[in-house]
Amino acid sequence: MFDDLQRRVNEIARQVGLPVSLTTPDLDSIVFSPHSGLIIDAVRSKSLLSRGTEEWVVRWFRKAGVGSSLDPTFVPGIPDKEAMSRWVVPVHSGGLILGYLSILDPDATCEPATLESVAGQASDIGRIMLDSEESARLARDRLRRALTSLGADQTVAVKELWDQLGTRIQEWVIAVGTSVESTSGAGPHETKSAAARPGRARNPGALRVECKFEDHHAFLLAGDADVDPAILADLAPCCPTLVVGAGNPVEDPRHLPRSYQQALGALRTATATGRGTTRWSELTPIKILSLQDPDVLADTVPGPIASLGRDSELLETVDHYLDHGRKPDLVADSLHIHRGTLYYRLRKFEDATGLDLESGKDRLTIQLSLEALKLLRAPKWHHAE
């Protein structure tokens, strides 16, 4: 689709003799024609470099009437902002605005006949973009069914998805993300599904499909894709700040559900530990706990340790002690306490639980319990039934 859009935008620019940019409905750049000579302003320069649009620019366009009509709209320049005047032509299909063609026109030279021709071509571009939206909708539905269905339904969904996306990708990976706000204890939140917005992704070659569940997003990515939260947040614009979990890459798309379950476990660990991104492959063998239901996790914790659940200072001290190789000086420094205070807390823990920090078996029990308690405080992400 992008090659076709680029070709059409270049042709419009050649026809009008002025620089042209195709944007999303939110005015973020998708593709643009070559810009030569002096016909470029600060607004267009920033848009081409960042693929984004500043809020004042959106207000400027809206004030001029952009978005309120399907007809071309003239946007007067703002010299103080180094912003040239331009024509904005809606790209639409069936009355649905899918984007805009923005024509830099500092001398207001565009004739009505020229704008009428551009508007007709904008309708053709709108049909292309609408077809792409429908294709994206099918891909999202197939990914959802591939991750959550069972048996024959899952097999059919995987095959349909594979046929749609092609087989050139050697490895696939599932990443999941949720907004930071939804990890604060507010619980799952209802959201409307939306298409990925072209031009927002900083790694467009990596993303294949994004679909939305009730409380998290799932991303189907190429196996070597970057799972940085900032990048994935660009692909899920309703969640500006994400916590991300990523499963292991798989070569066979039939194994995508396994990567998805791993990603959900990694996400749970990320929310429990406060890490922005957690990969399943980076977790210790204790990661198996991240896939368990709360009742199972609660059963993992012996009663005496569970009874200390409100003594966060004591549990934090023991956690640091085990995590830092039971080296008193290192642990005391990391907690900013005196060694005598450290020894007092460790003895208090042993007396309260009946466990021996010198016993390898007891230390394993304690570590499992501490990890389980962290996970119990974090949400467990489920796909929609």
Side-chain angles (χ1 to χ4, degrees), residues 140 143-148 169 171-189 191 193 196 201-203 206-251 253 255-294 296-297 300 368 370-385:
R140 288 194 298 270
L143 177 61
R144 178 187 292 273
R145 290 189 291 116
L147 297 181
T148 61
I169 304 299
E171 286 188 325
W172 305 79
V173 66
I174 295 292
V176 295
T178 189
S179 64
V180 171
E181 290 78 8
S182 70
T183 69
S184 62
H189 54 282
T191 53
S193 183
R202 279 171 276 176
N203 62 341
L207 176 70
R208 288 300 176 268
V209 188
E210 175 264 339
C211 68
K212 192 180 298 183
F213 293 99
E214 185 180 14
D215 53 9
H216 66 276
H217 290 257
F219 303 92
L220 173 61
L221 307 167
D224 59 352
D226 192 343
V227 293
D228 181 86
I231 292 177
L232 296 184
D234 275 347
L235 306 175
C238 70
C239 296
T241 309
L242 289 178
V243 179
V244 175
N248 287 338
V250 297
E251 294 183 2
H255 297 156
L256 286 175
R258 181 174 64 196
S259 184
Y260 176 53
Q261 292 302 322
Q262 293 169 347
L264 290 175
L267 176 63
R268 192 180 190 189
T269 302
T271 59
T273 60
R275 296 170 60 183
T277 300
T278 298
R279 295 176 181 270
W280 182 256
S281 59
E282 297 170 348
L283 299 179
T284 68
I286 294 175
K287 62 190 176 187
I288 196 65
L289 290 174
S290 67
L291 300 179
Q292 306 305 316
D293 288 327
V296 175
L297 286 176
T300 303
L368 287 171
L370 293 177
E371 291 298 322
L373 288 173
K374 292 176 188 175
L375 292 169
L376 281 169
R377 292 192 291 269
K380 184 177 189 296
W381 310 106
H382 296 277
H383 63 70
E385 297 296 337

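Listed here is the closest heavy atom pair of P257 and A146: CG-O, 3.3 Å. Across G245 and A266, no two heavy atoms sit closer than the pair CA-CB, 3.9 Å. A pairwise comparison of heavy atoms in G247 and W280 identifies CA-CB, 4.1 Å as the closest pair.
Looking at residues two or more places apart in sequence or on another chain, you find a side-chain contact (heavy atoms from CB on, under 4.5 Å) between A270 and V243, T278. With sequence neighbours excluded, the residues forming a side-chain contact (heavy atoms from CB on, under 4.5 Å) with P253 are V158, W162, L256, listed by chain and number.
S259 places no side-chain N or O within 3.5 Å of a backbone atom of P249 that could act as its donor or acceptor partner. Using modelled atom types, no side-chain atom of E210 and backbone atom of F219 make a donor-acceptor pair closer than 3.5 Å. With R258 contributing its side chain and V250 its backbone, the two residues share no donor-acceptor pair below 3.5 Å.
Taking CD of Q262 as the start and CZ of R279 as the end, the distance is 12.5 Å to the nearest 0.5 Å. Of the inter-residue distances, the one linking T277 atom OG1 with E282 atom CD reads 8.5 Å to the nearest 0.5 angstrom. A distance of 5.5 Å separates OG of S281 from CG of N248, quoted to the nearest 0.5 Å. Expressed to the nearest 0.5 Å, how far CG of L264 lies from CG of L147 amounts to 9.0 Å.
Side-chain contact between V244 and V176 is absent, with no heavy-atom pair separated by less than 4.5 Å.
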